[in-house]
Every structure is written in structure tokens, then in C-alpha cells.
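So that the names make sense, note that chain A is the first sequence line, chain B the second, and so on, each numbered from 1.
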There are 2 protein chains.
Amino acid sequence: MGQRIASTATALSNDCAHCNLGKLCMPIAVSSEELEQLNDVIQQGRVFDRGDHIFYQDDAFTSCFAVKSGSIKTYTVSEDGEEQVTGFYLPGEILALDSVSMDRYTSCAVALERSSVCEIPLEKLEQLASVIPSLQHHFFQLMSQEIRGSRELAVMLSRNSAEERLASMFVALSKRNERRHLSPYQFRLPMARADLGNYLGLAVETVSRLLTRFAKQGLMDVRGREVTIHDLEGLKAVVTHQTECRHA
Amino acid sequence: MGQRIASTATALSNDCAHCNLGKLCMPIAVSSEELEQLNDVIQQGRVFDRGDHIFYQDDAFTSCFAVKSGSIKTYTVSEDGEEQVTGFYLPGEILALDSVSMDRYTSCAVALERSSVCEIPLEKLEQLASVIPSLQHHFFQLMSQEIRGSRELAVMLSRNSAEERLASMFVALSKRNERRHLSPYQFRLPMARADLGNYLGLAVETVSRLLTRFAKQGLMDVRGREVTIHDLEGLKAVVTHQTECRHA
DNA sequence: CGGGGTTTTGAAGGGGGTCAACCATGGTGG
DNA sequence: CCACCATGGTTGACCCCCTTCAAAACCCCG
């Protein structure tokens, strides 16, 4: 590992070595020379305001994106204009891996709050990955994880009740915050209830009703966008215990 | 039992260049020298009988597998013993891409009929992919497609009615048969109704009821395992037209 | 303070799950 | 060759979870 403390390093840390995320998105052991090459490929930290789009569905595909700060929502628009939320991305996570095999983006990506995003041009990345085996390996891993994640989501959406889906979502959000060394018990909800419902295949009303139920059960609490999880284990129990709860 | 491609001289084609699938699973332009290297990596055509397992959940992960003939079902087993079907794989398709980032397989894989399967040791493949850029590129594409496929599945399972899910499944099966240059209108259903239902998040009874409904509507027909699609466009219409059908 | 979007709450109705029974099919052994 | 049984598939009745429709409450910012 190289030295992390450099006198010239600023809050604007304009390369992967000094990214405040540590190596969350690129946790690979690369030499400093290789890291330099990676920096030539990755364009650091473009900023998007709330509501700004990183890319639109059917735009020509060129790059994947890593979230540096803030949060991003991806969604598709069907021919009848219906919006379908396909994912939420937090710092350290990578967007558009599902578009790699297409020449156009398969979804829109919009900032849910002021966010900073690094661009990873795929062509250059592939060239570099041929030269740095560990980088190739890492991208295989990343994509494989993405496959597993989507597959687990599919299973959850097909088998679990509304209650289980929502609990599972908050458990996942909690876990993702912990990964970033933030509190798994208290965090800001980046998306609206409607987005949550849309993503989970539930009506907004159902989401709302369940959140009040969770609150009454002492599991968690959402005031506006401020989430407080009182009983993480209890939430996890809701996810797995298929419909065993009595609603007295 | 009456499989078309079966018993004749397929055992002789012991390399990718002469595989009767053409380049369905490895549609890359590689030189003959490179193809030879690929053959050194890929172990051709091990045969599994109906019910045989290619791998089990939690086995040490070493390889992905390409289906050469037959059909494979993947499924997970939860701690309470429930089986969850996660995928069906036909000739030219690749299994276990979701386990690449794990040291153990995340699901079981079992042959639904007598099947032949090529083994692709991942470590060797990664080494080769570093040397052959088009191979690396192809695997990125493959995995990206897998991500997109799972994500589409998730959306379908979360938003579509039972009718739409099942219609969508048969449209997909039809497409996959067409890809293999087989009839998109007439094929053998490799899996049981229960597997279909489990995969789609439906009760067996629902699958059965819908199939008889589709038959009454003149859309398609399933006698035992023999599928005949009478009105492919009609089926596609069922998938997209969210709940517009009148059930007279 | 007022307006629009978001969230919550209530009532009603349907899609699909569950339970239960019946039927079809094919493999097996006498 | 057929009786037998096991597995898989079909059909019916009932009921509950979740969606839909409707409206009130809330909240954030101008």
C-alpha cells in the first residue's frame, strides 16, 4: 500500500488513490504505476444536481459510472410512458453494468440529490484490463455480484410478501450504509416512498401502511426522510420468517 | 425421449470449432491458434443423466459450464428446505456466472434430461482472457447480458400478473429455440409445471389454469410436455398489454 | 400564508394462493 | 399384456393480501 497522507491532497482528491471512499469501488491491489494508468482512464467526480440525469435510456453507451457521493436512481420508461425504477446506487457502487453488452443505455439514471460521479469509459477500461489481470478479475467479480444481486431481487419479488420485501429493502440499505462505515441504524432515505414502492412492485399506499406498522411494532421509524432502525434483528426476522407474524 | 440431435456422431466433435452449436456460446472471432488455446481450457461434453447434478450449492467454485445439449435447472435450497428455482439453461447458454465472485456455488444445477455440458475453469479462462482481448470482451458482454436478463426478470415478477408472467415465459422459450435454429412454434417443454410456477412465483394450480385458458383462447397448447404455439403475436400481446384482456 | 407535491388513512374489490379432490400418464412387475 | 401405483397435472371452492379509488393531512419553499 502506498502512503495515503500527501501534503498536496485536498478535499477535491482528484484521483482514485486519494478518493475518500477508500477502495470501495475499486478494491484492487494495484501498483502505483497501475493506479496512474487507472486514473488516466477514469474521469473523476462530475457533479450532478438533484434531478439531473447522468444518462438517458437509448443514449449511445460509452461508459459505466461510479457513485462518489450522493445517490442515483435508475429507471426505464415503457412505451406507454410508465416509469419503472430498476435500482438505487449509493457511494462506492457502479451503474450501467447492464448496458455493457448494448450500444445504448438500457435505463435512465438521475441524481436523487446533489451527487458526484466518476466516469469509466468502457473501451479504455477493457484495454487496461487486458494489461492488468487483477483489474480484469475485479470487473468479473463486480459483474458477477451484480448478477447475483439481481437474481436475489427477482426471487424476493416473486416469493415474498409486501411486508417481507420492504423489510428486506431496509435491511439492505442498512447493510450498504455499514459498508461505507456509516451508521447502519440511522440514515437518510434518499428516495421517495413512491420510488421504493415502484422498485419493490408495491403501491405507494402499501409502503406507507407498512411503514406505520413497522413503527407500531417498534422495528423502525421514518420521519420524513430520516430513518431510524430500532430493531435490526427484528427486521431481518420479518424478511425470512415467511408470513409467521400475527397482527394482533 | 425422442430427441432430434441426440445419439449420432456428436461424440466426435470434441472441440469448440466443430461443436454443432456453431458459436452460440462463444461467438467470437478468434484465430485457429487462439481456438486451440480455448480448447485446452474448456473440457468438452461431460454427459449427465436426468436428475444428475452438475454441481451443488456450497460446493467449491471452480468452473462455469456451457450447455451443449439437453437442459439444466438451477435452484437454491433455503435453510427450511424449500426449493427455489433460479433458472433454466438450454444449449448454448452458460451456467454459474453468478458464482464467479464467490468461492462456492450459490445454487444447485441439475439435468432435466440427458444432457451434455462443457466445463470452463474460471482461473484458466481469466488467464486466457488477458491474452485474447476479444475473449475478455465476450465475457464482459455475456455477464452484462446476464445482469440485464435478471433485472428484466425482476421487473416482470414485480409488476406483471400471473397471466403476463407465464405468457412472457413461453415467448422467451420460443425465442431461445429460434436462436438455436429450431422451431419457435413447436418444442418440448423441458421442465415440470411445478418448476415453471416456482421460477415465476406462481402456484402450480395457477400455471395449470392459465395454460388451459391460453388453450381456450387459441394462443397455445401444451399436451404433456409438447408445446405448440398457435399465435405468437397474441402471446406477446398478453405480455405487454397490462390487464386489458376481457375474460369472456 | 398559500399552493403543489408527498404521505397517510379509509373502504371496497379482485387476483391468485391454499386446500382438497379428481384425473392422466408412464414405469414396473406379475 | 394388463393391473397397479406413484408422480404429475387439472379443476373447484374459499379466502386473504394487496391494489385501486378517494380524500384528508402533511410538509417544504416560495
Side-chain angles (χ1 to χ4, degrees), chain A residues 49-51 73 82-83 85 112-113 156-167 169 188-216 220-227 238 241-248, chain B residues 1-2 49-51 73 82-85 112-114 156-169 188-216 220-227 238 241-247:
Chain A
D49 275 323
R50 178 174 202 269
K73 172 182 86 173
E82 280 305 294
E83 184 175 307
V85 176
L112 291 172
E113 59 193 308
M156 201 197 56
L157 293 176
S158 79
R159 292 197 85 70
N160 291 16
S161 67
E163 189 177 36
E164 289 159 353
R165 294 184 211 181
L166 194 63
M169 183 73 203
R188 197 178 151 71
L189 194 65
M191 72 292 284
R193 310 280 194 282
D195 288 331
L196 267 182
N198 187 312
Y199 179 66
L200 293 172
L202 304 174
V204 200
E205 295 92 326
T206 306
V207 172
S208 183
R209 271 184 262 268
L210 287 174
L211 286 181
T212 58
R213 188 196 291 178
F214 286 164
K216 278 178 190 166
M220 55 173 294
D221 220 282
V222 190
R223 298 205 169 170
R225 294 290 180 88
E226 286 306 319
V227 179
V238 170
H241 289 43
Q242 330 262 32
T243 66
E244 68 122 49
C245 358
R246 294 273 154 273
H247 316 306
Chain B
M1 299 312 188
D49 276 322
R50 177 174 203 271
K73 172 181 85 171
E82 280 305 294
E83 185 174 308
Q84 172 62 52
V85 177
L112 291 172
E113 59 193 308
R114 191 175 174 81
M156 201 196 58
L157 293 176
S158 80
R159 292 198 87 69
N160 291 16
S161 67
E163 189 178 36
E164 289 159 352
R165 293 184 210 182
L166 194 64
S168 152
M169 184 75 204
R188 197 178 151 71
L189 192 66
M191 72 291 283
R193 309 280 195 279
D195 288 332
L196 267 182
N198 186 312
Y199 178 66
L200 295 172
L202 304 174
V204 200
E205 296 92 325
T206 306
V207 172
S208 185
R209 270 183 264 269
L210 288 174
L211 287 181
T212 58
R213 188 196 292 177
F214 287 163
K216 277 177 190 166
M220 55 173 295
D221 221 283
V222 190
R223 298 206 169 167
R225 294 290 180 90
E226 287 305 321
V227 179
V238 170
H241 290 42
Q242 328 263 33
T243 66
E244 69 121 48
C245 357
R246 297 269 155 277
H247 316 307

Nucleotide [N], atom [atom2] - distance to [atom1] of [X] in whole Å:
X	N	atom1	atom2	value
Leu166(A)	dC17(D)	CG	P	17 Å
Leu210(B)	dG17(C)	CG	C1'	13 Å
Asn198(A)	dT7(C)	CG	P	13 Å
Arg159(A)	dC17(D)	CZ	C1'	16 Å
Leu189(A)	dT6(C)	CG	C1'	13 Å
Phe214(A)	dT8(C)	CZ	P	13 Å
Arg213(B)	dT10(D)	CZ	P	14 Å
Arg165(A)	dC17(D)	CZ	C1'	11 Å

Out of curiosity, [X] [atom1] to [Y] [atom2], how far, rounded to the nearest 0.5 Å?
X	Y	atom1	atom2	answer
Arg165(B)	Met156(B)	CZ	CE	7.0 Å
Arg213(A)	Glu163(A)	CZ	CD	4.5 Å
Leu189(A)	Leu112(A)	CG	CG	9.5 Å

Might you list the N or O atoms of the protein lying below 3.5 Å from N or O atoms in nucleotides 12-15 of chain D, with each pair's distance?
{"residue": "dG12(D)", "atom": "N7", "partner": "Arg209(B)", "partner atom": "NH1", "Å": "2.7"}
{"residue": "dG12(D)", "atom": "O6", "partner": "Arg209(B)", "partner atom": "NH2", "Å": "3.4"}

Can you give the donor-acceptor pairs under 3.5 Å from side chains of residues 197-210 of chain B to other protein atoms, not counting sequence neighbours?
{"residue": "Asn198(B)", "atom": "OD1", "partner": "Gln84(B)", "partner atom": "NE2", "Å": "3.2"}
{"residue": "Asn198(B)", "atom": "OD1", "partner": "Val85(B)", "partner atom": "N", "Å": "2.9"}
{"residue": "Asn198(B)", "atom": "ND2", "partner": "Glu83(B)", "partner atom": "O", "Å": "2.8"}

Quiz prompt | Contacts of Arg114(B) that satisfy side chain to side chain donor-acceptor pair (under 3.5 Å) - sequence neighbours left out | solution = Asp49(B)
I want to verify a distance call: between [options], whose nearest atom is closest to the [X] side chain?
X	options	result
Leu202(B)	dT9(C), dG17(C), dC18(D)	dG17(C)
Arg225(A)	dT7(C), dT9(C), dG9(D)	dT7(C)
Arg193(B)	dG17(C), dT10(D), dT7(C)	dT10(D)

Self-check item: Pairs touching residues 192-203 of chain B that satisfy salt bridge (charged side-chain N to carboxylate O under 4.0 Å, His left out), sequence neighbours left out
Solution: Lys73(B)-Asp195(B)
Exercise. With heavy atoms under 4.0 Å as the rule, sort Ala192(A) into base, sugar-phosphate or nothing.
Key: sugar-phosphate
Quiz item: Contact class for Gly201(B) (heavy atom, under 4.0 Å): base, sugar-phosphate, or nothing?
Solution: sugar-phosphate
Output one line per pair: protein atom, nucleotide atom from nucleotides 1-5 of chain C, and distance, for all N/O pairs under 3.5 Å.
none

Practice problem: Could you pull out the closest heavy-atom pair between Arg159(A) and Glu164(A), with the gap in Å? | Solution: O-OE1, 4.5 Å
Quiz item: When you check the phosphate oxygens OP1 and OP2 of dG17(C), does a side-chain N or O of Thr206(B) lie under 4.0 Å from one of them?
Solution: yes
Quiz item: Do the side-chain N or O atoms of Thr212(A) get closer than 4.0 angstrom to the phosphate oxygens (OP1, OP2) of dT9(C)?
Solution: yes
Exercise. Map Val222(B) and Ala162(A) onto DNA chain D by nearest heavy atom, then report which one ends up closer to the 5' terminus.
Key: Val222(B)
Self-check item: Test salt bridge (charged side-chain N to carboxylate O under 4.0 Å, His left out) applied to Arg188(A) - qualifying residues, sequence neighbours left out
Solution: Glu226(A)
Quiz prompt | Degree of bending in the helix from dC1(C)-dG30(D) to dG30(C)-dC1(D) once both end axes are built from five pairs, to 10° | solution = 40°
Quiz item: Does Arg225(B) CZ have over 12 foreign heavy atoms under 6.0 Å away?
Solution: yes
